[in-house]
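Every value quoted in this text rests on a predicted model; they were computed, and no experiment measured them. For ligands, and for the atoms within them, numbers begin at 1 and follow the listed sequence.
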Amino acid sequence: MACSENMFFLIVLFISGVLVSFGQRNLIATMPDRLDVLTGSCVQIPCSFDIPDQHKDTFNSTILTSGVWIKGNQYFGERPDRVIFNSSETVNRYQGTITGNMSQKNCTTVFFNVTTSYSDKYYFRIESKPFRGTDTEKSVNIVVRDFPSSPIITVSGEVKEGTPVSLNCSAVAPCPEHPPELTWTLPTQFTTENQLQENPDQTKSVLSTVTFTPSYLHHEKNITCTSVYPVGTSNKRAEHNMMLNVSFSPKDTLASISPADPVLVGSCVNLTCSSTANPPVTNFTWFQISGDKPTQVASGQSYTLNVTVDGGLYFCEASNSHGCGKSKEVQLAIKGSGEHVNPTVFGVAAGTLGAFLLISLISLFVWRRNSRLHDGLERTDSPQGQNSPVGTVCTNQATAGEEPEEPAEDQPEEIQYGDIDFSKLQTKEIPAAAQDRVQGQESEYAEVNVTGRGATS
Ligand SMILES: *[C@@H]1O[C@H](CO)[C@@H](O)[C@H](O)[C@H]1NC(C)=O
Ligand SMILES: *[C@@H]1O[C@H](CO)[C@@H](O)[C@H](O)[C@H]1NC(C)=O
Ligand SMILES: *[C@@H]1O[C@H](CO)[C@@H](O)[C@H](O)[C@H]1NC(C)=O
Ligand SMILES: *[C@@H]1O[C@H](CO)[C@@H](O)[C@H](O)[C@H]1NC(C)=O
Ligand SMILES: *[C@@H]1O[C@H](CO)[C@@H](O)[C@H](O)[C@H]1NC(C)=O
Ligand SMILES: *[C@@H]1O[C@H](CO)[C@@H](O)[C@H](O)[C@H]1NC(C)=O
Ligand SMILES: *[C@@H]1O[C@H](CO)[C@@H](O)[C@H](O)[C@H]1NC(C)=O
Ligand SMILES: *[C@@H]1O[C@H](CO)[C@@H](O)[C@H](O)[C@H]1NC(C)=O
Ligand SMILES: *[C@@H]1O[C@H](CO)[C@@H](O)[C@H](O)[C@H]1NC(C)=O
Ligand SMILES: *[C@@H]1O[C@H](CO)[C@@H](O)[C@H](O)[C@H]1NC(C)=O
Ligand SMILES: *[C@@H]1O[C@H](CO)[C@@H](O)[C@H](O)[C@H]1NC(C)=O
């Protein structure tokens with residue numbers, strides 16, 4: 001019983017094994033799964049073939065071998081019209097030629113003048129003296145379109161601002177005899193290099209590599225790669241738009257006082273720091289210049305303080321993972337106790353008192369100015385960092401984050417005086433403390449991240 005059952009299964013296994021071996025491929029063709037082709041253009045099908053071991057002895061590569069392409073279905077016995085190309089025939093349904101050397105098992109084929117009716121799958125067959133066979137398991141799917149597919153832009157990893165970055169744009173070249181031409185549109189100067197390259201599936205692409213030096217000014221600017229395919233006498237274009245995402249250290253850092261007018265001692269004042277940065281600012285730090293040294297007084301974008309007698313000079317620093325930026329100094333101006341120091345209004349009513357106050361304020365101001373200028377001279381002679389033990393975040397690192405090309409940073413800084421009278425006289429006051437920075441010694445770090453989507457036209 002058991003023995004005959006085993007025999008039965010063995011027989012079944014034997015028969016199925018024979019069936020499997022009969023179902024094996026007579027021919028092994030290697031070609032891409034899919035090719036995207038333009039109407040009116042040509043298509044090159046990269047193709048190679050091999051003979052399975054059990055047929056090796058019947059195949060003689062020195063004997064002239066025909067290459068045959070069959071459309072839609074591998075069985076052409078009752079449908080000879082499925083044979084659209086036979087290299088042994090002089091006239092074929094498809095204009096084409098086998099450019100590969102069949103003796104070297106290279107069946108690479110080019111079809112010309114492609115039309116939308118060519119969209120289909122195709123099987124390859126060889127016919128030589130004793131041996132003939134079709135690869136019934138492998139076909140290439142040809143997809144014909146009127147418009148080319150978009151080129152593809154790729155960016156590699158993290159890129160630093162100020163450091164050259166390379167982007168690739170690649171466009172398929174299904175007809176390598178007439179490859180597309182790639183052009184770039186960028187918001188800055190660039191250099192490009194184009195080459196025809198072979199993909200892993202043996203299809204061809206045109207690769208254009210563009211190199212440029214990004215700056216924070218290129219953040220959220222578009223770049224475009226355009227491919228132009230020559231088709232007959234006209235051209236067909238496609239493009240890929242992409243918005244640059246440039247990471248950069250804080251720029252345009254600005255400290256502002258609210259309210260802007262001179263305030264009374266004891267009242268509340270808000271200092272607010274603004275800055276543009278990518279990624280956004282993670283840390284705002286406030287400094288007061290006391291003596292000639294910046295002293296850290298607060299952190300946070302806004303700093304609310306209780307006004308004391310001396311007011312003072314303030315600046316802020318903004319930082320992110322790529323560095324930091326420093327604002328100009330702002331003057332917190334103090335209103336005299338209850339009086340308006342405005343001669344056009346006040347002078348008539350209380351001339352004597354006003355003149356006295358004016359003189360004393362001028363004296364105070366001149367004294368302060370002299371002391372600051374004096375400080376400034378000292379500071380410019382002093383090595384960096386010694387004078388600012390607390391404000392080290394930006395004085396050493398962050399100045400490196402300032403762009404030398406940034407125009408605002410190169411201009412003399414103005415103290416923003418709230419007091420009407422003296423602001424007119426002294427707007428060109430230059431605090432030396434704001435100028436003692438070392439420019440451009442280290443490049444800042446920025447990355448270019450890109451998001452994008454293709455578009456055809
Ligand atoms: C292949 O064909 C050539 C020419 O007919 C012949 O001389 C040669 O012996 C054949 N080779 C094999 C392995 O059959
Ligand atoms: C290919 O052409 C040759 C020569 O005309 C012919 O003998 C052969 O049958 C053709 N093959 C197919 C599949 O039509
Ligand atoms: C096959 O022939 C084509 C020319 O039609 C050539 O470009 C390709 O490199 C050849 N492939 C191999 C594997 O030799
Ligand atoms: C094809 O390959 C064979 C064998 O390598 C070589 O003898 C022949 O010259 C080649 N034909 C062409 C057209 O390159
Ligand atoms: C493509 O077809 C047009 C007409 O349909 C013909 O004039 C032209 O010569 C053909 N080109 C090729 C390469 O066969
Ligand atoms: C661009 O292409 C070249 C060559 O294929 C490759 O070495 C490089 O890594 C690519 N760069 C990017 C950004 O994709
Ligand atoms: C930038 O590209 C986007 C699509 O990615 C597009 O919507 C936008 O209009 C483009 N902007 C400019 C200025 O070209
Ligand atoms: C200061 O800021 C706080 C909170 O941001 C706000 O409530 C307050 O009104 C502001 N004061 C002035 C004088 O702007
Ligand atoms: C741009 O890059 C920054 C920093 O890498 C990242 O935080 C942000 O999500 C990116 N933005 C987009 C739109 O990809
Ligand atoms: C913010 O800056 C201050 C002063 O430099 C520092 O002590 C603190 O660790 C920073 N915080 C973050 C979250 O970076
Ligand atoms: C400012 O200082 C005065 C006097 O010291 C005090 O009464 C008041 O509460 C302070 N205001 C704030 C907002 O700290």
Side-chain angles (χ1 to χ4, degrees), residues 25-38 41-114 117-118 120-142 170-180 194-207 229-230:
R25 294 154 88 181
N26 293 328
L27 182 69
I28 298 166
T30 303
M31 46 200 185
D33 294 326
R34 177 188 166 123
L35 287 169
D36 287 279
V37 191
L38 267 178
S41 188
C42 83
V43 55
Q44 174 174 302
I45 307 168
C47 175
S48 64
F49 65 88
D50 208 350
I51 312 295
D53 286 340
Q54 74 268 25
H55 298 303
K56 278 254 159 73
D57 48 349
T58 60
F59 178 73
N60 185 338
S61 70
T62 62
I63 292 172
L64 185 69
T65 304
S66 316
V68 174
W69 287 97
I70 304 157
K71 181 181 182 179
N73 187 309
Q74 59 268 53
Y75 304 110
F76 58 91
E78 291 165 11
R79 294 281 307 276
D81 60 309
R82 283 183 179 148
V83 177
I84 50 85
F85 184 84
N86 181 341
S87 64
S88 297
E89 302 279 354
T90 46
V91 177
N92 283 295
R93 273 184 66 200
Y94 283 18
Q95 289 181 344
T97 171
I98 294 186
T99 56
N101 188 335
M102 290 283 281
S103 302
Q104 294 174 342
K105 297 179 180 171
N106 184 338
C107 46
T108 299
T109 304
V110 178
F111 292 129
F112 303 106
N113 261 0
V114 170
S117 69
Y118 282 32
D120 211 326
K121 45 182 190 170
Y122 294 85
Y123 294 86
F124 185 68
R125 172 177 176 81
I126 61 171
E127 296 186 344
S128 75
K129 266 296 145 63
F131 179 78
R132 50 182 56 199
T134 307
D135 188 343
T136 54
E137 288 176 30
K138 178 66 190 173
S139 63
V140 57
N141 190 16
I142 291 181
S170 95
V172 294
C175 178
E177 279 176 61
H178 303 289
N194 292 11
Q195 67 191 73
L196 191 67
Q197 66 167 20
E198 195 171 270
N199 300 315
D201 67 356
Q202 315 291 303
T203 57
K204 300 284 200 300
S205 291
V206 174
L207 175 74
Y229 289 82

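Atom 4 (C) of ligand 2 has Ser88 CB, 3.7 Å as its closest protein atom, hydrogens excluded (heavy atom only). For atom 10 (C) of ligand 1, the closest non-hydrogen atom of the protein is Asn60 ND2, 2.3 Å. Ranking the protein heavy atoms by distance from atom 8 (C) of ligand 2 puts Glu127 OE1, 3.3 Å first. At the top of the distance list for atom 7 (O) of ligand 3, counting protein heavy atoms only, stands Lys204 NZ, 4.7 Å. Regarding atom 12 (C) of ligand 2, its nearest protein heavy-atom neighbour is Asn86 ND2, 3.4 Å. Nearest protein heavy-atom contact of atom 5 (O) of ligand 2 is Glu89 OE2, 2.9 Å.
Here OG1 of Thr58 is found 10.5 Å from NZ of Lys56. Values are rounded to the nearest 0.5 Å. Rounded to the nearest 0.5 Å, atoms OG1 (Thr65) and NZ (Lys105) are 10.0 Å apart. Within the model, atoms CZ of Phe131 and NE2 of His55 stand 5.5 Å from one another, a figure rounded to the nearest 0.5 Å. Taking OG of Ser41 as the reference point, atom CD of Glu177 lies at 9.0 Å (rounded to 0.5 Å).
A side chain to side chain donor-acceptor pair (under 3.5 Å) with Ser66 is found for exactly one of Ser128, Ser88, Ser87, namely Ser88.
A 4.5 Å side-chain heavy-atom check between Gln202 and Thr30 finds every atom pair outside the cut-off. Annotation: side chain of Tyr118 is not in contact with side chain of Ile84 (no heavy-atom distance under 4.5 Å).
For atom 2 (O) of ligand 3, the nearest non-hydrogen atom from the set Thr99, Thr108, Asn101, Asn106 belongs to Asn106.
Within ligand 1, the atoms closer than 4.0 Å to a non-hydrogen atom of Thr62 are 1 (C), 2 (O), 3 (C), numbered from 1 in the order shown. Within ligand 2, counting atoms from 1 as listed, the ones closer than 4.0 Å to a heavy atom of Phe76 are 13 (C). Heavy-atom proximity to Ile63, at under 4.0 Å, picks out these atoms of ligand 1: 2 (O). Listed by number with element, the atoms of ligand 3 under 4.0 Å from a non-hydrogen atom of Gly100 are 2 (O), 5 (O).
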Go through the steps to decide whether Tyr123 and Trp69 satisfy the test ring pair (Phe, Tyr, Trp, His ring centres under 6.0 Å), and finish with yes or no. CA-CA 6 Å; Tyr123 294 86; Trp69 287 97; 9.4 Å; no
